[in-house]
Amino acid sequence: MKAVVLESLRPIDQGPLVLREVDQPGAGNGQVVIKVVSCGVCRSNLHMIEGDWASGGTPSHTPIIPGHEVVGTVAEVGANVEHLSVGDRVGVMPLWSTCGYCEFCVAGLDHLCQSKHITGETVDGGYAEFMLASAAHTYALPDEIAFDDAAPLFCPGITAYGSVAKARLTPGKKVAVFGIGGVGHLVLQMAGLYGADVFAVSRGRNHLELAEELGATGIDASSGDPAEVLQRLGGVDASIVFAPSDAVVAQAIRATRPGGTVILGINAEVGPLPFALEIAVVGSLLGTRQQMREVLKLAAAGKIKAECRPFALDEATQALTALKQGELRARAVLMV
């Protein structure tokens, strides 16, 4: 089969990815092989490929096939798999497998399992014609969702849903989303479903235009301090941050009302946090398996939709370059 393989860690413009023939995987016990239709291109793919996360052990090895938001059809079913059949439409998110017995797994918080495998980081991912998946972490894809824009539901979609759930929104509350891209544009849509007043903070004109198309109020961070703008509006009840910047996190904290919540979907230094304001700062990683099913229900009902720009499998480098250079409004997707 054809696959885009990460041979060595280096900047994307130095050619770390190679399209070549590799052996097609076979399904073992509790596994399925997926014929990939599309795979989203995530900024974390770029970080991994360029070696930004090497000190933390990501990827676990090279060569490896990247890609962790994958949709396609089941091509082969292994032993002891009863809920999936050949031909089923399915998807896989970054959580490839978990141990199943730790305190987090038994509590339904398996995304916090410390023995988990990550699609495209510790096992081969979806930049390929076929991909091996754990059946327990493979999700049925409703017929109402087109393959063309389904893949981002399995990373930006579940990530957005998990973060918005932590914001505890209700009708009339105010929420600011810092960083409008692959994840952020889905956060805007999901926050709007709660009846909240949604503000989108970004420096990019293309991202602000997308946010306004989705019904949010855009705040241009390039023309002044967005925290001051939001403070003049009375502050927000929650801030959700997907812009990887310490300065942006500080803005989000200052924009949040006393007793509010700041949700971080990125690594950052929080800095000064006035205790008397009782602002809670919480991290957010993906979401639970049940929440993944809820995301798919929302998409099937037409309540959320990922904005995608298609690329061919052999254009993976171009897609990642466009992401790095800020040329994408939302999500690049490799159409295999």
Side-chain angles (χ1 to χ4, degrees), residues 2-6 10-19 34 36-50 52-53 59 64-72 91-94 118-121 124-129 131 141 145-160 179-189 200 202-211 213-214 242-244 265-266 286 295 299 304-336:
K2 291 180 180 178
V4 175
V5 181
L6 174 60
R10 57 182 186 269
I12 193 66
D13 60 0
Q14 294 182 16
L17 300 176
V18 177
L19 179 67
I34 298 172
V36 178
V37 173
S38 63
C39 180
V41 177
C42 182
R43 185 168 292 276
S44 64
N45 298 161
L46 182 64
H47 283 303
M48 180 187 76
I49 289 165
E50 296 198 319
D52 296 342
W53 294 348
I64 191 170
I65 301 171
H68 61 225
E69 49 197 76
V70 189
V71 294
V92 175
M93 67 170 176
I118 301 298
T119 314
E121 295 182 8
D124 284 336
Y127 286 19
E129 293 179 317
M131 189 191 89
L141 182 67
I145 305 174
F147 278 128
D148 290 356
D149 48 29
L153 297 173
F154 289 89
C155 179
I158 182 59
T159 300
I180 311 303
V183 178
H185 87 289
L186 284 164
V187 174
L188 298 178
Q189 296 176 57
S202 180
R203 291 178 173 273
R205 187 66 247 163
N206 57 344
H207 291 154
L208 290 170
E209 290 173 355
L210 174 60
E213 290 171 15
L214 295 173
F242 282 100
I266 42 82
L286 295 172
V295 169
I304 58 171
K305 183 179 176 64
E307 163 125 351
C308 301
R309 176 177 165 185
F311 291 81
L313 180 62
D314 61 4
E315 294 176 325
T317 294
Q318 292 96 310
L320 287 155
T321 300
L323 173 62
K324 185 175 182 177
Q325 295 178 350
E327 298 172 359
L328 301 175
R329 287 221 310 174
R331 205 55 153 194
V333 174
L334 301 181
M335 302 302 298
V336 180

Could you grab the distance from atom [atom1] of [X] to atom [atom2] of [Y], nearest 0.5 Å is fine?
| X | Y | atom1 | atom2 | answer |
| --- | --- | --- | --- | --- |
| M131 | D124 | CE | CG | 9.5 Å |
| E213 | R329 | CD | CZ | 4.0 Å |
| I49 | L320 | CD1 | CG | 4.5 Å |
| L334 | Q318 | CG | CD | 10.0 Å |
| D314 | L19 | CG | CG | 6.0 Å |
| L214 | I304 | CG | CD1 | 11.5 Å |

Exercise for review: Indicate yes or no: at least one non-hydrogen side-chain atom of V71 is less than 4.5 angstrom from one of L153.
Suggested key: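 Heavy-atom side-chain distance check fails, nothing below 4.5 Å.
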Is the shortest heavy-atom distance from the side chain of V333 to the side chain of D149 under 4.5 Å? no
If every non-hydrogen atom of [X] is compared with every non-hydrogen atom of [Y], which pair is closest and at what distance?
| X | Y | result |
| --- | --- | --- |
| T119 | G67 | CG2-O, 3.5 Å |
| W53 | E121 | CZ3-OE2, 4.1 Å |
| F242 | G179 | CB-O, 4.2 Å |
| I65 | Y127 | CG2-O, 3.5 Å |
| A128 | L313 | N-CD1, 3.9 Å |
| G126 | V70 | CA-CG2, 3.8 Å |

Review point. Quick check: does any side chain N or O of H207 sit under 3.5 Å from a backbone N or O of I180, one acting as donor and the other as acceptor?
Key: yes
Could you tell me whether a side-chain N or O of E50 sits under 3.5 Å from a main-chain N or O of I12, the two making a donor and an acceptor?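 Between the backbone of I12 and the side chain of E50 there is a qualifying donor-acceptor contact (under 3.5 Å).
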Quick note, side-chain hydrogen bond (donor to acceptor under 3.5 Å, both in side chains) partners involving residues 10-19, not counting sequence neighbours, are S8-R10
Those residues at least two apart in sequence (or on a different chain) that pass side-chain contact (heavy atoms from CB on, under 4.5 Å) with L208 are S202, R205, D220
Consider side-chain hydrogen bond (donor to acceptor under 3.5 Å, both in side chains). Of E307, E69, H185, which one does R331 pass it with?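 So, applying the side-chain hydrogen bond (donor to acceptor under 3.5 Å, both in side chains) to R331 and each of E307, E69, H185, only E69 qualifies.
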Pairs under 3.5 angstrom only: tabulate donor-acceptor contacts from the side chains of residues 37-44 to other protein residues two or more places apart or in another chain.
unit_1, atom_1, unit_2, atom_2, d
S38, OG, F147, O, 3.2
R43, NH2, L323, O, 3.1

Count the heavy atoms belonging to other residues, nucleotides or ligands that lie under 6.0 Å from NZ of K2, then report whether that count exceeds 12.
->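 Open.
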